[in-house]
> 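Mind looking over this structure? Questions follow.
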There are 2 protein chains.
Amino acid sequence: MTTTEPTGSAPRRGRGRPGYDQAAILRAAVELFNRKGYDATSMGDLAKELGLTKPAIYHHVTSKEQLLSQALDDALDELTAAVTAATGDRAGQTAYERLREVVRRSVEVLVAHQPTVTLLLRVRGNSGVELAALERRRWLDDRLAALVADAVAEGALRDTVPPALVSRLLFGMVNSLVEWYSADGAYDPAMLADAITVIAFDGLAKHAA
Amino acid sequence: MTTTEPTGSAPRRGRGRPGYDQAAILRAAVELFNRKGYDATSMGDLAKELGLTKPAIYHHVTSKEQLLSQALDDALDELTAAVTAATGDRAGQTAYERLREVVRRSVEVLVAHQPTVTLLLRVRGNSGVELAALERRRWLDDRLAALVADAVAEGALRDTVPPALVSRLLFGMVNSLVEWYSADGAYDPAMLADAITVIAFDGLAKHAA
DNA sequence: CCTACCGATCGGTAGG
DNA sequence: CCTACCGATCGGTAGG
C-alpha cells in the first residue's frame, strides 16, 4: 500500500477511472464466490459487479483460480496462526486450557476473516489449488483432534465420547458460524466465543446445582 | 416398483441393457453433485459415471435441475417430517424433551439421507429451485429456533446465551455431521445422536461432581 | 408403437 | 481499460 487510494471496495465516485487494486478485486470475487458458488461465478459476473469489462479484470488478475488460491491462503494462514499459537507448548498450560483457547482464537479468525474462511469450508477438491487447500485443512484438523485427545487423556473431558468425534462436533459447531454470521449483526466475537465454549464445555442444560 | 429388477445403483452385469431407473440415476447424480459441486458437474460427467451416453440420461430425466429438485425435496420432506413429529403438541412433553427428540430425529435423518441433506446444506439460491428449497429450510430453522426459545422460557436451558444463537450453534453442530459422516464408518446413528445431545446439553467438561 | 439407447450436433456461453 | 475474438465445453435434442 504505497498509494493514497481509499482501501474500501467501492470505486471512487465522480470522474476518472474507478481504480481498483488487486485486493479490492479479490474482496469482490470472494463475496461473489460465496454468494453463488465458485463454479457458478463467471469472470463476467465479477466484471459486472465491479463495473468493469471482463478483460479489464485480467489487467489485475492472472486467472480465476489465482483469486481462489489467494483467498484460501488468507484463511489457511490465519487459522494456522491461531492453532499454532494456542497449541504450542506453553509452560503450565493444560491441554484443556489450550483447547479452550484454540476455540476462542478460531472464532476470532472466523469472524475477522469470514469471507475467506467460508470459501475454504466449501472447497471440494476439484483442482490442484483446492486439493492443496484441503491438505492444509487436514493438517489443522489433525492438530485439533490431537489436542482434544490430550485433554481427554488428561482427565479434563468426559471419555464417554470418542475424542475424534468430539473434535469433529466441536469444530463443526465453531465452523457453522460462517453460515450465518455477518459483521453487521448483533453478536461480537468475544461474546460468540463465550457462547460456544459455554455450550460445548459446560452444556446448555441447567443442572440442579 | 413393479419389476423384479435389482434396486441397487449398479447396472446388471453381463449381457443386455444396464437398465437404470430414475432412482438409480438420481442417486448417482447426487453423489457427483456432492463430490464436485452441482455447477461443476456436467451431464456428461454423470453419463460417464453411469456408463451411458448423455442423450441416454435424458431418456430418464428431463433436466439437470430436475435431479437437483428431487434430491432437495427428499431431504426437505424427511427433515420436515422429523421436525413436525417432534414439535407437535404432545401431552406431557416439555419443550426441553421435544428439543432433545428433534435433535435425535435430525441426526437419524442426516445419517439415513446424508447425500441429499448434504446437497441441501450447500444450496446457495442460484435458481428458482434453490430459492424454493432455501425457503423451506428457513421454515424449518424458524421452528427449531422457536422450540429452543420455548425451552429457555421453560427454565430448562441456561438463559445466558440468546436463544436464536443457541439454535444456530446447536443445529450447526448437528448439520456438520454431513461433512464427514460416511455410512461405512464406525459410528452408528444412535451413538451419534447420544454424543451430540451429551455435548450440547451436558457439556464436554468433567465437572467436580 | 414401445423401451432403451447411440452418434452427432444444436444454440449459447465459459475462461482467457 | 475496450473491442473483438479463440478453443472447449456447457445443457439439451435431433433423427434413427
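Below, chain A is the first sequence line, B the second, and so on; all start at residue 1.
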> Measuring only between side-chain heavy atoms, which start at C-beta, is A:Val30 closer than 4.5 Å to A:Asp74?
no
> Suppose we screen for side-chain contact (heavy atoms from CB on, under 4.5 Å). Which residues come up paired with B:Val198, at least two apart in sequence or across chains?
A:Arg158, B:Asp202
> Hey, is A:Arg104 close enough to A:Glu108 for a salt bridge, meaning N to O under 4.0 Å?
yes
> Report the nucleotide, chosen from C:dG15, D:dG11, C:dC5, that has the shortest atom-to-atom distance to any side-chain atom of B:Met43.
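For the B:Met43 side chain, the nearest candidate turns out to be D:dG11.
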> Nearest of D:dC2, C:dG15, C:dA4 to any side-chain atom of A:Ser42?
C:dG15
> Could you list the residues that satisfy salt bridge (charged side-chain N to carboxylate O under 4.0 Å, His left out) with B:Asp150, not counting sequence neighbours?
none
> Any side-chain N or O of B:Tyr58 below 4.0 angstrom from OP1/OP2 of D:dG12?
yes
> With a 4.0 Å heavy-atom cut-off, tell me which residues in residues 63-75 of chain B come close to DNA chain C, sorted by residue number.
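Here the set is empty: none.
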> Compare side-chain N and O positions of A:His60 against OP1 and OP2 of D:dC1 and report whether any pair is under 4.0 Å apart.
yes
> Using heavy atoms and a sub-4.0 Å distance, could you list which residues of residues 122-134 of chain B are near DNA chain D? By number, please.
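Result for residues 122-134 of chain B: none.
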> Consider the side chain of B:His59, meaning its heavy atoms from C-beta on, and name the nucleotide among D:dA4, D:dC1, C:dC5 that approaches it most closely.
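My answer, after comparing the listed nucleotides, is C:dC5.
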> Taking the minimum atom-to-atom distance to the side chain of B:Pro55, which one of D:dC2, C:dG15, C:dC6 wins?
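From the listed options, C:dC6 comes nearest.
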> Can you tell me how far P in C:dA8 sits from the matching atom in D:dG12, rounded to whole Å?
22 Å
> Judged by atom type as modelled, is there a donor-acceptor pair below 3.5 Å linking the side chain of A:Arg122 to the main-chain atoms of A:Asn34?
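Yes; judged by distance alone, with no hydrogens or angles, the pair exists.
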> What does B:Thr41 touch in the nucleic acid at a heavy-atom separation under 4.0 angstrom: a base, only the sugar-phosphate, or nothing?
sugar-phosphate
> Separation of B:Lys36 atom NZ from D:dT9 atom C1', in whole Å?
12 Å
> Working note: A:Thr80 + A:Trp139, criterion side-chain contact (heavy atoms from CB on, under 4.5 Å); need CA distance, chi angles, decisive distance, verdict.
CA-CA 9 Å; A:Thr80 300; A:Trp139 184 87; 4.2 Å; yes
> Rounded to whole angstrom units, what separation is found between the CG atom of B:Leu52 and the P atom of C:dT3?
17 Å
> Any chance you could encode DNA chain D as dot-bracket? Rule is Watson-Crick or G-U wobble with both distances under 3.5 Å; [ ] for pairs crossing earlier ones, | for another strand.
....||.|.||.|.|.
> Please confirm whether the backbone N or O of A:Leu32 pairs with a side-chain atom of A:Glu49, one donor and one acceptor, at under 3.5 Å?
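No: the side chain of A:Glu49 does not pair with the backbone of A:Leu32.
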> Rounded to whole angstroms, how far apart are CG on B:Asp45 and P on D:dT9?
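Between P of D:dT9 and CG of B:Asp45: 11 Å.
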> In whole angstrom, give the distance that lies between atom CG of B:Asp39 and atom C1' of D:dC10.
11 Å
> Tell me, please, which residues at least two apart from B:Glu135 pass salt bridge (charged side-chain N to carboxylate O under 4.0 Å, His left out).
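Counting only residues at least two positions away or on another chain, B:Glu135 forms no salt bridge (charged side-chain N to carboxylate O under 4.0 Å, His left out).
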> Where the side chain of B:Gln70 meets the backbone of B:Leu26, is there a donor-acceptor pair that is under 3.5 Å apart?
no
> Please check: side-chain N/O of B:Lys36 versus main-chain N/O of B:Ser42, any donor-acceptor pairing under 3.5 Å?
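No.
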> Check the distance between D:dC10's C1' and B:Lys54's NZ and give it to me in whole angstrom.
7 Å
> Is the backbone of A:Val102 close enough, under 3.5 Å, to the side chain of A:Ser106 for a donor and an acceptor to pair up by distance?
yes
> Could you tell me whether A:Asp77 and A:Arg136 make a salt bridge, using a distance below 4.0 angstrom between a side-chain N and a carboxylate O?
yes
